[in-house]
Amino acid sequence: MSDEAFDIIGDVHGQAGKLLGLLKILGYRQMDGVWSHPEQRAIFVGDLIDRGPRQLETIDIVRPMVEAGRAHCVLGNHEFNAIAWATPHPEEPGEYLRSRKKASNRAQHEAFLTEVEDTPLHDELIAWFKSLPLWLDLGAIRVVHACWNDGYMSRRKPHLGQNNTLTEELVVLASRKGHWVYEAVEALRKGLEVELPDGVFFHDKDGHERRAARVKWWAPDFSSLRNSALAPRSVLAGMPDIPLPADPRLAPYEGPPVFFGHYWRSGSPEVMAEKFACVDYSAGKDGPLVAYRWEGESELRDAHFVSSDSN
Ligand SMILES: [Mn+2]
């Protein structure tokens, strides 16, 4: 058991106003220019950037906290995309690991680019993103952006930099569809997707036929597709009631509580299960920024969530 206490803070997505509001509610104060708390340390689950109106201000709050040892921050899919956007493609001259030719790639990254493109700060921030760990295992708790998966993590561990960071080589491989590193990074940042048996499909909320389902990796068992698929209720109702195909990646989780972000939840914050709390309540859209105040408990409780105002 750790004698430390942590506030695990959800995806900020450039909403510096919500972040400042939440830090104040949590009792943080500026000390020598760094937001600090006498007893707590903060942990950010990633996705600091994109979407919101105050990108640099968000980083200017979080980065000094991390550098002063007042906070940890793990890498989110938006930071990963920012790295890939900024990294030249090794085999295609003029291209980048995340293609700049695709309008949707730029649109998703526009708020950040507007504030940093063509400035030296851009390179500096990309270097900082590369210093963020993919996951944190603090003994008494674990933190990852989207998905804790022991199999993927142990396979990647030997290839990672110190402190579970991406290496230059991994950034390239993680952008190569079909490579196992790509799949591992996708899973950790976005969640686990399972291929359905031949001929089995369902319709997603837009009516598209889907032959793979995203699963709740925190599910207590994976005996039924309907019980472990991550989908709106209306979609679940139309899913075939079949057992999930056997998949070595799907194993019931064993370990200390896991905190994560990523899932754009809404409504009143509540734990997913005894050991699992998602702290993303859509601050990037119109939701509040949410934190979970962890004070040593091994069974997580709804009453420990703290929310900012929604603006
Ligand atoms: Mn996010």
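The basis for the numbers below is simple: all heavy atoms, side chains too, and nothing from hydrogens, waters or symmetry mates. Order of listing sets the numbers, starting from 1, for every ligand and every atom in it.
- Closest N/O/S atom of D47 to the Mn ion (ligand 1): OD2.
- Residue D11: an N/O/S atom is found under 2.8 Å from the Mn ion (ligand 1).
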Between L300 and W294, is the side-chain contact (heavy atoms from CB on, under 4.5 Å) condition met? List the steps. CA-CA 8 Å; L300 306 182; W294 183 79; 3.9 Å; yes
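- Distance alone, capped at 3.5 Å, places no donor-acceptor pair between the K275 side chain and the E254 backbone.
- Put simply, the side chain of K18 does not reach to within 4.5 Å of the side chain of V12, judged on heavy atoms.
- Counting all heavy atoms, side chain and backbone alike, P240 lies closest to L225 at O-CD2, 3.8 Å.
- Here H13 reaches the Mn ion (ligand 1): one of its N/O/S atoms is less than 2.8 Å from the metal.
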